[in-house]
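Structure record follows, encoded as structure tokens.
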Amino acid sequence: MAFLFGSRKTPEELIKQNQRALRKVVRELDRERTGLERQEKKIIADIKKMAKSGQMDAVKIMAKDLVRTRNFVKKFILMRANIEAIALKLQTLKSQAAMANAMKGVTKALKTMNRRMNLPNLQKIMMEFERESEIMDLKEETISDTIDDVIGNADDEEESDVIVSQVLDELGISLDHELAEITPGLDKPRITSNAPVKKAVAAAAGPAGGDTDDLQARLDSLRRDDD
């Protein structure tokens, strides 16, 4: 039956059809107003011509015609303004219909997402993520502290030695020379008695008495040779 009575038009199609009709009417009104304005100019020229020739009766009739023409021009202008207002209302309805359709689609999408979203499961996932993140942060902090303890102290000591050396070099002071000036009476230790040597040899020899006597004899022989 659609091919007999035609398909039913949607509201959007009806709005477009009415907008086209209104634009056509506006164009026709503009053409009529333009023709009346040209006629008005012609009447004014004729009135001036008749006035110069002294035909005052014709001037009065043409003046009435000029007034009627100007009134028609004003009516056409008012009609055009009213039609434009109607077209604006149709455009507003079209925009509202488009917004309603968009809101309908968004609402449908939101309903679908709300049905598929499992809030308790989402909360569980977020809690697990937070816990794992905290564990990872703790591990990273522990590893960083361990690395700093292993490497940082040695680096700090080396850096301190470098700074001390740089400062002494800038001052033109040698560390060994400075220590020698501070303790001029200190010499390298020398063995002046055989008692400490005997104790060291006895402690190293242990219960083996023959080895101890042999070592002591060698030390005595070396001391005699030095004398």
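Here the structure is a predicted model, which is why all the values come from computation and not from measurement.
Scanning both residues, Val59 and Met50, for their nearest heavy atoms gives CG2-CB, 3.5 Å. Nearest approach of Ala87 to Gln19, heavy atoms of both residues: O-NE2, 4.4 Å.
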Subject >> Trace of the side-chain contact (heavy atoms from CB on, under 4.5 Å) decision for Arg23 with Arg20 >> reply: CA-CA 5 Å; Arg23 285 194 294 268; Arg20 287 194 296 268; 3.2 Å; yes
**OP:** May I have the step-by-step check of side-chain contact (heavy atoms from CB on, under 4.5 Å) for Arg31 and Arg27, ending in yes or no?
**Re:** CA-CA 6 Å; Arg31 284 195 297 269; Arg27 288 193 297 270; 4.2 Å; yes
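The hydrophobic cluster containing Ile86 also contains Met79, counting ILVMFWY residues as joined when their side-chain heavy atoms lie under 4.5 angstrom apart, directly or transitively. Both Val26 and Phe76 are part of a single hydrophobic cluster, where members link through side-chain heavy atoms under 4.5 Å apart. In the hydrophobic cluster analysis, where Ile, Leu, Val, Met, Phe, Trp and Tyr join through side-chain heavy atoms closer than 4.5 angstrom, Ile15 is grouped together with Val25. Ile44 and Met62 end up in the same hydrophobic cluster when Ile, Leu, Val, Met, Phe, Trp and Tyr side chains are linked at under 4.5 Å.
No option in Arg70, Arg68, Arg33 other than Arg70 meets the salt bridge (Lys or Arg N to Asp or Glu O under 4.0 Å) test with Glu40. Exactly one of Thr34, Ile77, Ile83 qualifies for a side-chain contact (heavy atoms from CB on, under 4.5 Å) with Leu29. That residue is Ile83.
To the nearest 0.5 Å, the span separating CG on Leu14 from CG on Leu93 amounts to 11.5 Å. Between the CE atom in Met113 and the CG atom in Leu110 there is a gap of 8.5 Å [rounded to 0.5 Å]. Atom CD in Gln17 sits 9.0 Å away from atom CD in Glu13 (nearest 0.5 Å). Here the CE atom belonging to Met127 is positioned 7.0 Å from the CZ atom belonging to Arg131, to the nearest 0.5 angstrom. Remark: Glu130 CD to Ile135 CD1 distance equals 11.0 Å, nearest 0.5 Å. Leu22 CG to Leu90 CG: the interatomic distance, rounded to the nearest 0.5 Å, is 6.0 Å.
Using a 4.5 Å heavy-atom threshold, the side chains of Asn114 and Lys111 count as separate. Looking only at side-chain heavy atoms (C-beta outward), Lys16 and Lys94 come within less than 4.5 Å of each other.
Judged by distance alone, the side chain of Asp65 and the main-chain N or O of Ile61 form no donor-acceptor pair under 3.5 Å.
Summarising the local packing, CD of Glu128 is surrounded by more than 12 heavy atoms from other residues, nucleotides or ligands at distances under 6.0 Å.
Between Lys41 and Glu37 there is no salt bridge, since no side-chain N of the basic residue sits under 4.0 Å from a carboxylate O of the acidic one.
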